[in-house]
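This report refers to the structure that appears directly beneath it.
These figures come from a predicted structure and were not determined experimentally.
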Amino acid sequence: MTAEEVESLAREFLAAHDPGGDRLEFLRARFDAGLAWVHFPAGLGGLGVHRELQQVVERVLAGTPQLDTGVQGIGLGMAAPTILAFGTEEQKKRFLRPLWTGEEIWCQLFSEPGAGSDLATLATRAVRDGDEWVVDGQKVWTSGAHHSRWAILVARTDAEVPKHRGLTYFVCDMHAPGVDVRPLRQITGEAEFNEVFLTGVRLGDDLRLGEVGDGWRVAQMTLMNERVAIGGAPVRRGGGMAGVVAETWRSRPELRTHDLHRRLLRLWVEAEVTRLAGARLREQLAAGQPGPEGSGMKLSFASLNQALSGLDVELRGEEGLEYDDWSFRRSDSVDFFGRGAGYRYLRAKGNSIEGGTSEILRNIVAERVLGLPSEPRVDKDVPWKDLPR
């Protein structure tokens with residue numbers, strides 16, 4: 001299918017559906033028409049065509065009801081591609097449509113208090129009981145758990161084998177008995193994320209993604225997509241934090257110094273290099289699934305966003321020290337650019353932790369992109385039950 005044919009389909013859809021009517025019905029109809037994510041198969045929100053043709057659809061449907069990526073980001077960027085790759089046909093049909101329309105919000109139950117950067121050491125257990133699995137454990141740093149309907153969950157199903165081989169991947173019902181969500185207050189004053197306690201949570205085997213014991217391979221798909229979603233999102237030239245700082249520079253000449261100018265120019269160049277690298281990465285994605293290169297993009301994004309948000313605060317002088325609201329509150333969405341410089345500076349601190357710490361991402365880039373020798377791993381072949389904890 002050509003770009004012209006996709007554009008024609010989008011225009012026909014727009015002519016037949018009123019964007020000013022019911023928002024949810026419009027989004028449902030868009031999914032059913034294959035205009036949600038065009039590279040997905042027909043019947044699952046797509047047309048089975050080249051990923052880059054999504055840009056054609058977005059141009060035609062600009063100004064119509066859109067997704068709330070601040071709330072739906074985990075579902076769209078992590079759960080959906082994993083379900084598409086490893087889910088059964090029943091799972092794909094059950095989960096993908098309400099995930100895309102925003103009727104069902106998703107979160108991610110991966111990290112634990114004792115298994116953050118080394119995710120494979122996680123201790124949450126899933127024990128089979130007939131056609132169900134009984135899950136017990138604790139997860140942490142779970143963004144959006146307080147308003148999520150479903151979660152992607154990795155749990156240990158075999159303690160007798162090395163840590164990477166005893167994991168299984170599930171879809172977790174966040175409304176199931178035994179799921180306890182508790183807020184974690186951040187440096188911004190908000191509680192975007194949570195700790196989640198799982199006590200005797202029963203999940204049907206039909207909520208398992210992939211084979212038993214193959215959870216690490218499934219999780220790798222999620223993690224690679226997560227890093228691309230965070231670090232490789234499309235940004236126009238002069239957009240993002242670089243654009244915010246540049247606008248402050250243009251509008252406040254009395255705040256300028258020679259040193260700040262030099263730093264702005266250096267960061268502008270870095271932002272442009274990162275933007276172009278992201279475009280290249282998305283072109284590679286059009287031919288297949290994300291690889292370790294996405295870790296490099298996410299690493300670059302975190303460093304750049306923190307440096308630019310810091311420069312933005314410095315450039316504003318005393319004004320940069322102001323903060324709009326320290327009160328503790330639950331966040332429905334992450335509105336990075338809708339808040340002040342102080343919020344952006346503090347929120348950006350999490351960029352080097354969420355989606356994989358920068359330290360771990362450097363290891364991935366070194367070993368899997370540059371081909372450098374791996375770090376010694378003495379626990380690689382040790383059964384999980386024998387690991388010191």
Side-chain angles (χ1 to χ4, degrees), residues 74-75 78-79 82-83 85-92 94-95 99 104-146 148-182 184 193-223 226 377 379-389:
I74 291 175
M78 292 163 245
T82 307
I83 293 169
F86 292 96
T88 63
E89 290 305 310
E90 291 76 15
Q91 288 170 335
K92 295 173 188 176
R94 164 62 186 87
F95 292 122
L99 181 158
E104 295 179 343
I105 304 302
W106 288 66
C107 63
Q108 180 184 19
L109 298 175
F110 277 30
S111 294
E112 298 182 8
S117 296
D118 189 4
L119 178 63
T121 60
L122 63 86
T124 294
R125 296 291 302 274
V127 178
R128 190 152 196 170
D129 182 17
D131 292 333
E132 293 183 319
W133 295 84
V134 183
V135 183
D136 290 277
Q138 179 186 357
K139 298 292 183 176
V140 76
W141 320 131
T142 307
S143 298
H146 52 293
S148 291
R149 177 64 181 83
W150 299 100
I152 43 180
L153 163 71
V154 182
R156 187 162 305 282
T157 50
D158 189 349
E160 303 292 329
V161 297
K163 58 184 181 181
H164 292 89
R165 300 211 300 267
L167 303 174
T168 302
Y169 197 113
F170 299 92
V171 171
C172 179
D173 182 355
M174 293 297 289
H175 292 175
V179 177
D180 182 15
V181 177
R182 304 179 189 177
L184 287 173
F193 50 50
N194 313 265
E195 53 184 346
V196 179
F197 295 86
L198 306 165
T199 306
V201 178
R202 288 187 169 271
L203 303 176
D205 191 54
D206 58 343
L207 293 177
R208 172 171 49 84
L209 282 181
E211 299 299 321
V212 175
D214 199 30
W216 185 252
R217 184 167 70 97
V218 184
Q220 288 303 297
M221 163 73 74
T222 302
L223 294 172
E226 178 182 28
R377 292 179 172 86
D379 62 353
K380 185 177 180 181
D381 299 315
V382 179
W384 178 84
K385 66 181 179 61
D386 296 330
L387 295 178
R389 283 184 294 279

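Within the 4.5 Å cutoff, no side-chain heavy atoms of W150 are placed close to those of L99. Within the 4.5 Å cutoff, the side chain of S143 has heavy atoms near those of the I74 side chain. Residues T88 and R94 have side chains not in contact (no heavy-atom distance under 4.5 Å, counting atoms from C-beta outward). Counting heavy atoms from C-beta outward, T124 and L109 have side chains that stay 4.5 Å or more apart.
Between R149 and D173, at least one side-chain nitrogen of the basic residue sits less than 4.0 Å from a carboxylate oxygen of the acidic one, meeting the salt-bridge criterion.
From I83, atom CD1 reaches atom OH of Y169 across 7.5 Å, with rounding to the nearest 0.5 Å. The distance from the CE atom of M174 to the CG atom of D180 is 9.5 Å, given to the nearest 0.5 Å. Taken from SG in C107 to CD1 in I152, the straight-line distance is 8.0 Å, to the nearest 0.5 Å. Between the OG1 atom of T168 and the CG atom of L153 there is a distance of 10.0 Å, given to the nearest 0.5 Å. Here the NZ atom belonging to K385 is positioned 5.0 Å from the CD atom belonging to E160, to the nearest 0.5 angstrom. A distance of 13.0 Å separates CG of D214 from NE2 of H164, quoted to the nearest 0.5 Å.
Taking all atoms of both residues into account, the shortest heavy-atom contact from L119 to S111 is CD1-N, 4.1 Å. Heavy atoms only, all atoms of each residue included: W106 and A79 are closest at CE3-CB, 3.7 Å. Across T121 and A115, no two heavy atoms sit closer than the pair OG1-CB, 3.4 Å. Residues T222 and T82 come closest through the heavy atom pair OG1-OG1, 2.8 Å. Residues A145 and V181 share a closest heavy-atom pair of CB-CG1, 3.9 Å. In this structure, A126 and F170 approach most closely via the heavy-atom pair CB-CE1, 3.9 Å.
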Can you check side-chain contact (heavy atoms from CB on, under 4.5 Å) on F95 and L207, steps first, answer last? CA-CA 11 Å; F95 292 122; L207 293 177; 3.8 Å; yes
Using the side-chain contact (heavy atoms from CB on, under 4.5 Å) rule, take W133 and V212 through it: C-alpha gap first, then chi angles, then the decisive distance, then the call. CA-CA 11 Å; W133 295 84; V212 175; 3.8 Å; yes
Start with the C-alpha gap between Q91 and F86, add the side-chain angles, then the distance that decides, and say whether side-chain contact (heavy atoms from CB on, under 4.5 Å) holds. CA-CA 9 Å; Q91 288 170 335; F86 292 96; over 6 Å; no
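Under the 3.5 Å distance criterion, the side-chain polar atoms of R165 are left unmatched by any main-chain donor or acceptor of L167. In terms of modelled atom types and a separation under 3.5 Å, the side chain of R202 and the main chain of G204 share no donor-acceptor contact. No side-chain donor-acceptor contact under 3.5 Å links D136 to the backbone of R125. Using a distance-only test at 3.5 Å, with no hydrogens or angles considered, a donor-acceptor pair links the side chain of K139 to the main chain of V154. In this structure, R156 contributes its side chain and K163 its backbone to a donor-acceptor pair below 3.5 Å.
Counting non-hydrogen atoms of neighbouring residues, nucleotides and ligands closer than 6.0 angstrom, the CH2 atom of W141 reaches no more than 12 such neighbours. Within a 6.0 Å radius of CG in D131, no more than 12 heavy atoms belonging to other residues, nucleotides or ligands are found.
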